[in-house]
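For reference, the structure discussed in these notes is given below.
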Amino acid sequence: MAQQVKTAITPTRAEDYPEWYQQVIRAADLAENSPVRGCMVIKPWGYAIWENIQRVLDGMFKATGHVNAYFPLFIPLSFLEKEAAHVEGFAKECAVVTHHRLKSVDGKLVPDGELEEPLIVRPTSETIIGAMFAKWVQSYRDLPLLINQWANVVRWEMRTRMFLRTTEFLWQEGHTAHATQTEALEETAKMLEVYADFAENYMAMPVIKGEKTEGERFPGAVSTFSIEAMMQDRKALQAGTSHFLGQNFSKASDIKFLDDKGELVHAWTTSWGVSTRLVGGLLMTHSDDDGLVLPPRLAPLHVVIVPILRDDADSAKVLEYCQSLAKQIGDVQYDGQKVRVELDRREGRGGDKIWSWIKKGVPVRLEVGPRDFAADSVFMGRRDLTPKDKKGLKREEFLAELPRILQEIQDGLLSRAKAHRQANTVKIDDKEELYRFFTPKNAEKPEIHGGFALCHFEGGKEAEEQLKNDLNVTVRCIPLNAEPEEGKCIMTGRPSQRRVVVGKSY
RNA sequence: CGGGGCGUAGCUCAGCUUGGUUUAGAGCGCCUGGUUUGGGACCAGGAGGCCGGUGGUUCAAAUCCACUCGCCCCGACCA
């Protein structure tokens with residue numbers, strides 16, 4: 001009888017990827033569904049990951065000259081009407097506030113006090129920030145205006161998925177105003193670069209920087225840029241966006257200033273954002289059939305110590321040893337900070353505790369018992385290796401090696417993710433082959449298939465529409481660093497100068 | 001909002017086709033006691049469910065019917 005390796009998560013990725021995703025969230029205690037449809041409760045472990053994302057990104061924003069501010073959750077309905085494309089993009093998914101109090105009727109509470117002008121709950125803040133920018137900007141000396149806000153937004157989506165798409169989500173939205181088009185375009189590119197840097201170097205998630213096609217553009221933007229990552233089911237995840245808004249919003253909101261020649265002109269604006277979706281991306285990039293795997297730079301804990309206790313006489317000594325060990329580990333520096341360590345003093349058997357940390361994705365586990373105490377050593381397991389792959393190290397050696405081990409895990413996750421993306425990225429020049437690539441063998445229960453197809457594409461909206469209808473794939477982006485290459489559009493045969501990324505997406 | 005699947009204990013599910021010994025079960029988890037101890041252990045005892053909700057058919061409904069709510073998947077929409 002062949003012994004099957006028992007995985008902590010069922011089903012496995014290969015068996016049922018969407019279900020696996022949900023089970024990892026539950027096993028790692030990241031979040032759970034709330035009584036409100038489409039909204040989730042982010043639990044401490046999940047929120048701690050988001051806090052790390054916030055901390056790092058916030059530092060990057062400040063380092064590039066941005067400052068934080070906060071704008072209201074409610075936006076007057078009339079504000080949304082100001083920019084035509086924007087209206088069209090967001091009107092059908094807005095939560096609307098129409099009343100400002102409740103009254104009791106037959107024991108039931110019903111809305112009362114109707115508002116003269118309804119308020120919408122922000123789906124994004126271009127309009128209200130634009131209204132404020134209009135007041136703040138009068139002279140070219142007031143520019144550039146570089147503002148960011150950390151906030152929640154609401155988009156009444158039809159279908160939700162934990163972290164990837166929820167009705168309410170947390171994000172960061174940067175909004176800037178500039179004196180010239182060039183400056184605004186530079187800002188758009190700069191922030192895309194910040195996102196790419198963060199994704200690769202902190203999330204260990206390789207991304208492709210690119211421009212969106214017309215069909216995928218942000219409502220109201222002149223051009224939209226994104227970072228696109230490949231998940232383990234080979235679907236693309238748009239992980240961050242940066243928009244060049246031209247003068248569309250400054251005209252809509254009347255953001256005008258006197259330039260250095262004394263002329264009254266409209267400002268050029270940008271906006272850019274990433275959301276709690278990143279947590280979902282992090283999960284789907286690295287996690288395995290035993291649960292979450294976290295890159296050290298964003299892990300809430302780097303090291304967890306699980307004491308192995310036998311009898312009372314040993315226990316006291318082991319615990320004492322663990323405590324001093326925890327203190328020493330906490331003094332080690334990694335990534336410019338103290339190593340985050342926890343001693344798991346919960347009651348219960350070692351095995352259960354160890355598996356709980358495996359499922360939560362802590363990079364380094366130490367199992368410390370009487371033997372280790374006696375030998376002044378530790379027994380270490382790494383989350384990037386299998387659960388059984390553990391080894392003993394002298395305490396001093398471990399302490400000295402720890403920063404290198406953490407960085408090795410961080411780098412290893414990135415290269416593993418890169419290898420996965422590369423293995424599933426192909427150049428395709430034949431339409432039939434493209435259709436084969438994106439058609440599952442088993443239509444009933446589609447297996448993991450497809451990936452990124454690099455194709456010549458000059459088909460415009462109709463051809464994109466056809467791709468979407470036939471294969472449910474889209475042009476994810478036109479890569480920025482693509483090498484110019486002569487070719488023919490895979491859909492229309494028209495001449496093309498560069499390849500685009502085609503894929504299924506979240 | 002369309003198509004499919006599913007709602008029975010905290011979790012995973014059996015029971016439903018062929019209504020009636022089902023005062024509603026199992027495994028895991030939980031609580032208590034004990035035995036264990038380099039590992040998701042074992043034994044004994046225990047707590048926990050008006051079978052998603054409402055209505056109907058019937059002498060009798062977890063089981064049949066209608067409606068409804070919720071969740072998941074696949075679409076349409078989107079970060």
Side-chain angles (χ1 to χ4, degrees), chain A residues 6-11 16-23 26-27 32-38 88-93 123-124 153-173 195 212 215-219 224 226-229 236-243 271-281 290-291 306-312 314-315 318 348-359 365-375 377-379 381 387-388 390 392 440 443-446 465 468-469 471-472 474 504-506:
Chain A
K6 191 179 175 190
T7 57
I9 303 294
T10 43
D16 187 344
Y17 194 86
E19 183 61 23
W20 165 85
Y21 176 78
Q22 307 214 132
Q23 292 306 325
R26 194 168 63 182
E32 63 186 61
N33 277 315
S34 74
V36 183
R37 183 201 182 105
E88 205 181 312
F90 287 107
K92 52 189 176 297
E93 56 187 39
T124 179
V153 285
V154 166
R155 296 181 187 175
W156 216 269
E157 303 285 354
M158 297 178 178
R159 192 175 151 209
T160 58
R161 279 162 151 291
M162 290 247 228
F163 288 109
L164 300 174
R165 178 169 300 104
T166 47
T167 301
E168 179 190 11
F169 58 95
L170 305 182
W171 79 345
Q172 144 286 306
E173 48 180 327
Y195 289 153
K212 287 295 193 180
E216 299 271 316
R217 207 173 279 156
F218 176 75
T224 287
S226 73
I227 52 172
E228 300 283 331
L237 183 80
Q238 180 174 312
T241 51
S242 186
H243 314 291
S271 68
W272 28 273
V274 297
S275 70
T276 35
R277 165 177 266 199
L278 289 180
V279 178
D290 287 322
V306 179
I308 306 297
L309 306 174
R310 265 190 175 159
D311 50 61
D312 292 342
D314 280 343
S315 291
V318 170
R349 295 182 59 79
D352 297 320
K353 296 205 282 186
I354 288 160
W355 277 98
S356 77
W357 293 114
I358 291 174
K359 288 185 278 194
R365 304 183 306 279
L366 295 182
E367 304 171 15
V368 177
R371 260 188 247 162
D372 307 287
F373 164 65
S377 65
V378 298
F379 201 55
K388 304 221 157 169
K390 298 183 271 201
E444 287 291 303
K445 190 174 176 290
E465 198 66 29
K468 181 133 201 182
N469 288 336
L471 298 171
N472 194 29
T474 46
K504 300 198 181 197
S505 73
Y506 276 98

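Throughout, protein chains are lettered first and strands after them, A, B, ... in sequence-line order, and every chain is numbered starting at 1.
The residue A:T241 sits apart from the nucleic acid: no heavy atom pair falls under 4.0 Å. When heavy atoms are screened at a 4.0 angstrom cut-off, A:T166 is found touching base atoms of the nucleic acid.
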Seminar exercise, completed: Going 5' to 3' through nucleotides 67-73 of chain B and flagging B where a protein heavy-atom sits under 4.0 Å of the base, S where only the sugar-phosphate is that close, and - otherwise, we get ---SSSS
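Listed by chain and number, the residues in a ring-ring contact (aromatic ring centres under 6.0 Å, His included) with A:Y506 amount to none (sequence neighbours excluded). When the side chain to side chain contact (heavy atoms under 4.5 Å, CB included) test is applied to A:P387, the partners found at least two apart in sequence or on another chain are A:D290, A:W355, A:I358.
Counting to the nearest Å, the P atom of B:rC77 and the CD atom of A:E88 are 12 Å from each other. If you measure from atom CZ of A:R26 to atom C1' of B:rC28, you get 12 Å, rounded to the nearest angstrom. Between the CE atom of A:M158 and the P atom of B:rG3 there is a distance of 15 Å, rounded to whole Å. Distance, A:E32 CD to B:rC11 C1': 13 Å, rounded to whole Å. Computed from coordinates, the A:L366 CG to B:rG38 C1' distance equals 14 Å when rounded to whole Å. Between A:F169 atom CZ and B:rC77 atom C1' there is a gap of 13 Å when expressed in whole angstrom units. In this structure, NZ of A:K92 is placed 11 Å from C1' of B:rA76, rounded to the nearest angstrom. Following rounding to the nearest Å, A:R155 (CZ) and B:rA76 (C1') show an atom-to-atom distance of 18 Å.
Pairing partner, B:rA60: none, since no Watson-Crick or wobble contact has both distances short of 3.5 Å. Across all strands shown, B:rU21 remains unpaired; no Watson-Crick or G-U wobble contact has both distances below 3.5 Å. In this entry B:rC30 has B:rG46 as its Watson-Crick or G-U wobble partner, both defining distances falling under 3.5 Å. Figure legend. B:rC6 is base-paired to B:rG70; pairs are counted as Watson-Crick or G-U wobble with both atom distances under 3.5 Å. Across the strands present, B:rG75 finds its partner in B:rC1; the criterion is a Watson-Crick or G-U wobble pair with both atom distances under 3.5 angstrom.
B:rC11 and B:rG48: their C1' atoms are spaced 13 Å apart (whole Å). A distance of about 8 Å separates the C1' atoms of B:rA24 and B:rG49, rounded to the whole Å.
Taking each heavy atom of A:Y195 and A:T241 in turn, the nearest pair found is CE1-O, 3.4 Å.
Under 4.0 angstrom from either OP1 or OP2 of B:rG40 there lies no side-chain N or O belonging to A:K359.
Between A:E228 and A:K212, at least one side-chain nitrogen of the basic residue sits less than 4.0 Å from a carboxylate oxygen of the acidic one, meeting the salt-bridge criterion.
Contact annotation: side chain of A:D372 to base of B:rG38, donor-acceptor pair present below 3.5 Å.
Using cut-offs of 30° and 60° on the angle between ring planes, the pair A:Y17 and A:W20 is tilted.
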